[in-house]
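One structure is given below, encoded as structure tokens.
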Amino acid sequence: MVDLAGVGLLTALLRLPLVLASTPLSYDDGVYGASVVAMRDGARQYHEVFSGQGPLYLPLLRLGDLLGLQARWAPRVSGLLAAVLVGVLGTWLVRRVAGRAAGLATGVLLATSGQLVATFGSIEADALVLAAGTVAVSLALAGRGPVAVGLAVGVALS
């Protein structure tokens, strides 16, 4: 458990500067950030706010926005939580298959990978897809039923 908590903390700390940035970090960051702000004001998905992503994308961004207390940077909270989830579950997956040392090495690599820091630090659909896919693999490895695994795969694909 200490390994998982450490990986989760390291993952979050390395992404905080990007999450707390006051300006958009990418085109998607600006567009989807504006979409979340519109939803704060009551705009409805696929009525007043369009998303080229799947139907769960904007609601998950809005949930992150609420968890971030609707601060300017709050829509990025979903990506931050997705990063922590991927780091912790990736550590757990490899630890379960290859032992503690391999799991910890995997967790540190996931936490510090430059590409994953960038992807999970701004508003990117990739972060949520990777997290949902990691949940699906974790559920399958943990021996959860096909319904739980199917739901996680469905979330990843949508």
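These numbers come from a predicted model, not from an experiment.
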Ignoring hydrogens, what is the shortest heavy-atom contact between [X] and [Y]? Give both atom names and the distance.
{"X": "L80", "Y": "A12", "value": "CD1-CA, 3.7 Å"}
{"X": "A131", "Y": "L85", "value": "CB-CD2, 4.1 Å"}
{"X": "V149", "Y": "A136", "value": "CG1-O, 4.1 Å"}
{"X": "G68", "Y": "V77", "value": "CA-CG2, 4.0 Å"}
{"X": "A43", "Y": "V49", "value": "CB-CG2, 3.4 Å"}
{"X": "V135", "Y": "A152", "value": "CG1-CB, 4.1 Å"}

Original post:
Rounded to the nearest 0.5 Å, how far does OG of S35 lie from CD of Q45?
Top reply: 9.0 Å
**OP:** Rounded to the nearest 0.5 Å, what's the gap from OH on Y57 to CD on E124? Could you check?
**Re:** 7.0 Å
Does [Y] offer a backbone N or O that forms a donor-acceptor pair with the side chain of [X] under 3.5 Å?
{"X": "Q53", "Y": "L58", "result": "no"}
{"X": "E48", "Y": "R44", "result": "yes"}
{"X": "R95", "Y": "G103", "result": "no"}
{"X": "R15", "Y": "L81", "result": "no"}
{"X": "S113", "Y": "L109", "result": "no"}
{"X": "T91", "Y": "L104", "result": "no"}

Please say yes or no: joined through hydrophobic side-chain contacts below 4.5 Å, possibly via intermediate residues, are [X] and [Y] part of one cluster?
{"X": "L20", "Y": "L13", "result": "yes"}
{"X": "L18", "Y": "L9", "result": "no"}
{"X": "V94", "Y": "V88", "result": "no"}
{"X": "L61", "Y": "V37", "result": "no"}
{"X": "V84", "Y": "L4", "result": "yes"}

Are side-chain heavy atoms of [X] and [Y] found at a separation under 4.5 Å?
{"X": "L128", "Y": "S78", "answer": "yes"}
{"X": "S138", "Y": "W92", "answer": "yes"}
{"X": "T11", "Y": "L110", "answer": "no"}

**OP:** Would you check, one step at a time, whether the test side chain to side chain contact (heavy atoms under 4.5 Å, CB included) holds for L89 with V137?
**Re:** CA-CA 9 Å; L89 287 179; V137 171; over 6 Å; no
Subject >> Qualifying residues under salt bridge (charged side-chain N to carboxylate O under 4.0 Å, His left out), relative to R40, sequence neighbours excluded >> reply: D65
**OP:** Return the set of residues passing salt bridge (charged side-chain N to carboxylate O under 4.0 Å, His left out) with R100 (not counting sequence neighbours), or none when no residue passes.
**Re:** D3
